[in-house]
**Student:** 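I am attaching a structure below and will ask some questions about it afterwards.
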Amino acid sequence: MKFLLVALNAKYIHSNPAIHSLRAYAALHSPEAAGEVELAEYTINQPLEEILADLYERKPDVIAFSCYIWNWRQIRELTACLHQVLPELPIWLGGPEVSYDAERILESRPFLTGIMVGEGEETFAELLGYYEKSSSGRYPRQFQLQIVAFWPGAVRQAGLDTIRGLVYRDPVSGRPVRTAPRELTDISRIPFFYGDMKEFEHRIVYYESSRGCPFRCSYCLSSIDKTVRLRDMELVKKELQFFLDRRVPQVKFIDRTFNCSHKHAKEIWSYLLEHDNGVTNFHFEISAELLDGEELALLGKMRPGLVQLEIGVQSTNPETLQAVRRSARLDRLRHAVVRIHAEHNVHVHLDLIAGLPFEDLKSFERSFNDVYSMRPEQLQLGFLKVLKGSRMEEMAESWGLVYRQEPPYEVLSTKWLSYGDVVRLKKVEEMVELYYNSGQFTHLLPVLEQRFEAPFDLYDRLARFYQEKGYFVNSPSRTQRYRVLLDFAESVDAERIGLYRELAVYDLYLRENLKSRPDFAADRRPWRERISAFYREEEEQRSYLAGYDRYQARQLERMTHLEIFRWPVDRPAWELRERTEAAEGEETAILFDYERRDPLTGNARTLRILLG
């Protein structure tokens with residue numbers, strides 16, 4: 001008997017911890033049966049025919065799909081096709097996308113056998129046992145594969161109704177039957193499923209140290225279960241050490257609010273600080289307003305790049321936050337973010353959601369500007385998704401939420417935000433992603449911002465520029481975006497185009513040691529001899545490039561880059577605020593060292609050079 005668990009991930013670099021956890025838990029309680037559980041992971045970008053053929057060739061006796069907002073459309077089509085080619089195959093579903101309207105799904109898709117509702121580890125272990133007994137002859141095979149209609153109660157005799165947390169199709173009436181709900185799982189009893197890490201090479205590794213969330217945010221499914229369960233700390237430390245010993249590049253905690261327990265968060269962060277291997281990065285989703293002084297002090301001691309924080313601000317409109325049942329302690333949040341940012345050692349993501357109740361375009365602009373002023377490494381501008389089972393779905397009519405009826409159920413308009421506003425914000429989102437979140441324009445953008453009343457205005461105007469030039473259709477390449485941004489800068493602030501060009505050159509060489517020089521960079525020939533002389537002198541004295549002892553001048557010049565600017569491009573933006581031209585005789589020589597990059601941003605180390 002082969003039970004196949006299937007995941008369709010959004011990207012190849014993702015993995016699906018759910019199906020691994022189901023198999024591990026089943027192995028703990030029924031080792032023999034669990035040996036017949038196989039996993040199959042694909043991506044939503046693979047051709048359906050390719051996935052279907054692979055599933056067919058695996059010849060499963062029972063199959064179950066892990067269903068989420070990003071793969072539900074593909075799974076619906078895939079299961080329908082699978083039933084056509086394997087009409088006797090029992091097909092089960094599970095996951096958040098099918099847990100909250102399981103009866104409707106079964107009624108609309110008569111070929112489905114049933115749905116595992118809610119947390120799946122214990123439910124799957126019992127369901128696996130059910131099929132194992134059936135395949136061993138204890139229950140006749142036709143009871144679960146081809147249950148005859150003339151034998152009323154056959155499923156109950158087979159024991160399916162005793163498994164908590166199921167919705168299955170009654171073989172006689174054809175109607176959905178819901179079994180008793182299952183109590184929440186003690187997550188310390190769930191086995192650690194990582195072993196051979198080759199299976200997760202080049203993929204994000206996910207880890208869970210808690211389940212549930214104490215908050216009631218209306219747009220989130222975690223608000224349905226407010227019971228927070230923490231994994232035993234000794235287990236957590238042992239499992240984190242497993243990742244550290246194997247120098248896993250990144251571990252992403254999937255805890256909904258990692259720091260809802262101060263003791264739990266501090267103990268884990270202290271352990272990571274003490275056992276840091278210099279390589280592994282740990283990602284946490286936190287509530288910044290909950291951070292206390294001890295936690296902030298701990299974060300301040302972390303190696304740059306050891307910790308990455310994702311913080312959901314969502315809005316800075318108090319009325320909006322109150323409506324979605326979210327904390328509005330924005331002063332504490334700002335204090336925490338600014339303090340973390342000042343240490344320049346923790347990568348911070350701040351999230352906003354467009355389309356929330358009581359937030360019109362002007363209100364969202366204020367929220368955007370408030371969050372932007374905190375200068376996170378990433379500003380994620382998302383759009384409200386009206387998830388099944390959430391309070392947001394219950395309030396959709398009252399708040400005038402018009403949203404897509406197919407995944408990802410994204411908002412189209414609200415009482416406060418028109419569809420035209422949503423389209424406009426979508427374009428702003430793309431500009432933020434390309435120009436701010438890319439980290440490619442860290443010196444040019446802050447200076448360009450000064451020509452606008454607020455940061456939102458910059459990205460809004462840039463989006464209009466993209467629209468006029470047709471760049472949303474024919475998107476510029478990564479390097480071409482520098483030229484596009486310079487063209488935009490010239491259209492709004494032609495007086496300082498010389499400064500913008502030099503800032504673009506500076507930003508470009510910060511990121512990479514270019515083989516070909518950009519067309520907007522100044523002619524380097526007048527400084528050619530002075531640059532060569534610098535490298536000859538450096539070969540002898542090593543005044544700036546310690547650690548390059550075995551390299552000669554020509555090699556040093558290839559491995560690094562020396563650029564001479566007419567502006568002090570490495571100075572803060574406020575120092576350049578009012579200047580429209582470079583000072584007479586001003587010259588700034590910058591050496592870009594690509595062997596010693598900033599561990600947080602990946603930018604080259606820079607040194608000011610005194611040239612003879």
Side-chain angles (χ1 to χ4, degrees), residues 7 9 11-28 31 34-35 37 39 41 121 185-211 229-256 258-259 261-286 294-295 297-310 343 345-349 595-602:
N9 302 320
K11 298 178 181 178
Y12 174 77
I13 62 168
H14 297 167
S15 58
N16 185 301
I19 60 174
H20 290 273
S21 186
L22 294 184
R23 182 174 66 174
Y25 191 87
L28 184 67
V37 177
L39 307 184
E41 292 194 63
E121 283 91 357
T185 307
D186 176 359
I187 67 167
S188 294
R189 293 171 49 207
I190 298 174
F192 183 70
F193 55 78
Y194 290 102
D196 184 358
M197 295 306 293
K198 288 183 180 178
E199 188 177 357
F200 298 94
E201 270 188 325
H202 311 299
R203 294 191 173 193
I204 298 172
V205 171
Y206 298 97
Y207 181 74
E208 182 178 46
S209 75
S210 67
R211 275 188 189 174
R229 289 151 288 153
L230 305 176
R231 191 165 176 81
D232 178 77
M233 187 53 65
E234 293 310 307
L235 283 177
V236 171
K237 290 178 181 179
K238 179 181 176 182
E239 290 156 3
L240 293 180
Q241 194 58 51
F242 175 91
F243 297 132
L244 291 164
D245 290 344
R246 286 153 184 78
R247 301 172 76 80
V248 172
Q250 185 181 55
V251 176
K252 189 168 186 176
F253 277 64
I254 55 175
D255 304 32
R256 297 309 302 158
F258 171 76
N259 63 324
S261 165
H262 292 291
K263 182 177 183 295
H264 184 78
K266 282 186 275 197
E267 200 160 350
I268 289 176
W269 282 342
S270 296
Y271 187 87
L272 296 180
L273 179 63
E274 184 180 346
H275 296 83
D276 179 21
N277 62 11
V279 173
T280 306
N281 164 264
F282 294 88
H283 178 105
F284 302 92
E285 187 172 336
I286 70 162
E294 285 185 56
E295 289 165 330
L298 267 175
L299 291 170
K301 296 175 184 176
M302 300 289 187
R303 163 182 60 85
L306 172 60
V307 167
Q308 183 171 300
L309 301 179
E310 183 174 349
E343 299 293 339
N345 69 324
V346 174
H347 200 279
V348 175
H349 291 201
E595 295 299 310
R596 294 173 177 82
R597 292 180 179 270
D598 185 316
L600 198 64
T601 65

**Student:** So, does D255 use its side chain to make a donor-acceptor pair with the main chain of F284 at under 3.5 Å?
**Tutor:**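 Not confirmed, D255 side chain does not pair with F284 backbone.
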**Student:** Taking R256 for the side chain and R211 for the main chain, is one N or O donor matched with an acceptor at less than 3.5 Å?
**Tutor:**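 No: the side chain of R256 does not pair with the backbone of R211.
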**Student:** Step by step, work out the salt bridge (Lys or Arg N to Asp or Glu O under 4.0 Å) result for E267 and K263.
**Tutor:** CA-CA 6 Å; E267 200 160 350; K263 182 177 183 295; 3.5 Å; yes
**Student:** Report yes or no: do E239 and Y194 form a side-chain donor-acceptor pair below 3.5 Å?
**Tutor:**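 There is no such pair (donor and acceptor under 3.5 Å, judged by atom type) between the side chains of E239 and Y194.
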**Student:** What pair of heavy atoms forms the shortest contact from A24 to P191, and how long is it?
**Tutor:**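 For A24 and P191, the tightest heavy-atom pair comes out as O-CG, 3.4 Å.
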**Student:** Between Y207 and F282, is the ring centroid distance below 6.0 Å?
**Tutor:**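 Judged by ring-centre distance (under 6.0 Å), Y207 and F282 do not meet the cut-off.
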**Student:** Check whether the side chains of S21 and E121 place a donor and an acceptor atom closer than 3.5 Å, and report yes or no.
**Tutor:**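 Checked: S21/E121 side chains pair up, N/O donor to acceptor below 3.5 Å.
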**Student:** Looking only at atom types and distance, does a side-chain atom of N345 sit under 3.5 Å from a main-chain N or O of M302, one as donor and one as acceptor?
**Tutor:**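 Answer holds: yes.
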**Student:** Look only at the side chain of N277 and the backbone of L244, and say whether a donor-acceptor pair between them is shorter than 3.5 Å.
**Tutor:**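 Checking the backbone N and O of L244 against the side chain of N277, a donor-acceptor pair under 3.5 Å is found.
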**Student:** Backbone N or O of N16 within a donor-acceptor pair of the E41 side chain at under 3.5 Å?
**Tutor:**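 Checking the backbone N and O of N16 against the side chain of E41, a donor-acceptor pair under 3.5 Å is found.
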**Student:** Let me see the working for V37 and L22 under side chain to side chain contact (heavy atoms under 4.5 Å, CB included), right down to the final yes or no.
**Tutor:** CA-CA 9 Å; V37 177; L22 294 184; over 6 Å; no
**Student:** Would you confirm whether the ring centroid of Y206 sits within less than 6.0 angstrom of the ring centroid of H20?
**Tutor:**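 So the answer is no for these two rings.
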**Student:** Determine yes or no for a side-chain-to-main-chain donor-acceptor pair under 3.5 angstrom, with R229 supplying the side chain and T185 the backbone.
**Tutor:**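 Confirmed, R229 side chain pairs with T185 backbone.
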**Student:** Drop me the distance from I13's CD1 to E201's CD, to the nearest 0.5 angstrom.
**Tutor:**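 Answer rounded to 0.5 Å: 15.0 Å.
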**Student:** Counting distance only, does the side-chain N/O of S209 pair as donor-acceptor with the main-chain N or O of L230 below 3.5 Å?
**Tutor:**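 No.
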**Student:** Is a side-chain N or O of T280 found less than 3.5 angstrom from the main chain of V248, in a donor-acceptor match?
**Tutor:**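 Here the side-chain-to-backbone pair exists.
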**Student:** Once you round to the nearest 0.5 Å, how far does NE2 of H14 lie from NZ of K252?
**Tutor:**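 Output value for this atom pair is 6.5 Å.
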**Student:** Closest heavy-atom contact between H202 and Y12?
**Tutor:**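 Answer, listing the atom of H202 first, then Y12: O-CE2, 4.3 Å.
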**Student:** About how many Å separate NE2 of H349 and CD of E285, when rounded to the nearest 0.5 Å?
**Tutor:**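 Going from CD on E285 over to NE2 on H349, the span is 11.5 Å.
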**Student:** Return the CD to CG distance between Q241 and L272, rounded to the nearest 0.5 Å.
**Tutor:**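 Q241 atom CD to L272 atom CG measures 9.5 Å (nearest 0.5 Å).
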**Student:** What pair of heavy atoms forms the shortest contact from L273 to K301, and how long is it?
**Tutor:**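 Taking L273 first and K301 second, the nearest heavy atoms are CD1-O, 3.4 Å.
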**Student:** Can you say whether the rings of F258 and W269 are parallel (under 30°), tilted (30 to 60°) or perpendicular (over 60°)?
**Tutor:**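 Correct class here is tilted.
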**Student:** H347 and T601: side chain to side chain contact (heavy atoms under 4.5 Å, CB included), yes or no, with the steps?
**Tutor:** CA-CA 8 Å; H347 200 279; T601 65; over 6 Å; no
**Student:** Within the side chain of N281, is there an N or O that forms a donor-acceptor pair under 3.5 Å with the backbone of G305?
**Tutor:**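 Here the side-chain-to-backbone pair exists.
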**Student:** Which heavy atom of E208 sits nearest to which heavy atom of S210, and what is that distance?
**Tutor:**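 Result for this residue pair: CG-O, 3.3 Å.
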**Student:** Any heavy-atom pair between the side chains of H275 and L240 that's under 4.5 Å?
**Tutor:**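 No, side chains not in contact.
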**Student:** As a quick check of understanding, evaluate side chain to side chain contact (heavy atoms under 4.5 Å, CB included) for K266 and L298, giving each step before the final call.
**Tutor:** CA-CA 8 Å; K266 282 186 275 197; L298 267 175; 4.1 Å; yes
**Student:** Would you say the rings of F243 and F192 are close, in the sense that their centroids are separated by under 6.0 Å?
**Tutor:**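 For F192 and F243, the ring centres are under 6.0 Å apart.
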**Student:** Verify the distance criterion only: is there a donor paired with an acceptor across the side chains of E310 and H283 at less than 3.5 Å?
**Tutor:**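 Per modelled atom types, E310 and H283 side chains form a pair under 3.5 Å.
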**Student:** Rounded to the nearest 0.5 Å, what separation is found between the CG atom of L299 and the CD1 atom of I286?
**Tutor:**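 The CD1 atom of I286 is 7.0 Å from CG of L299, to the nearest 0.5 Å.
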**Student:** Examine distances only and state if a side-chain atom of D276 and a backbone atom of G278 form a donor-acceptor pair shorter than 3.5 Å.
**Tutor:**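 Side chain of D276 to backbone of G278, a donor-acceptor pair under 3.5 Å: yes, one is there.
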**Student:** Closest approach of S15 and P17, non-hydrogen atoms and distance?
**Tutor:**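 Scanning both residues completely, I find the closest heavy atoms to be O-CD, 3.4 Å.
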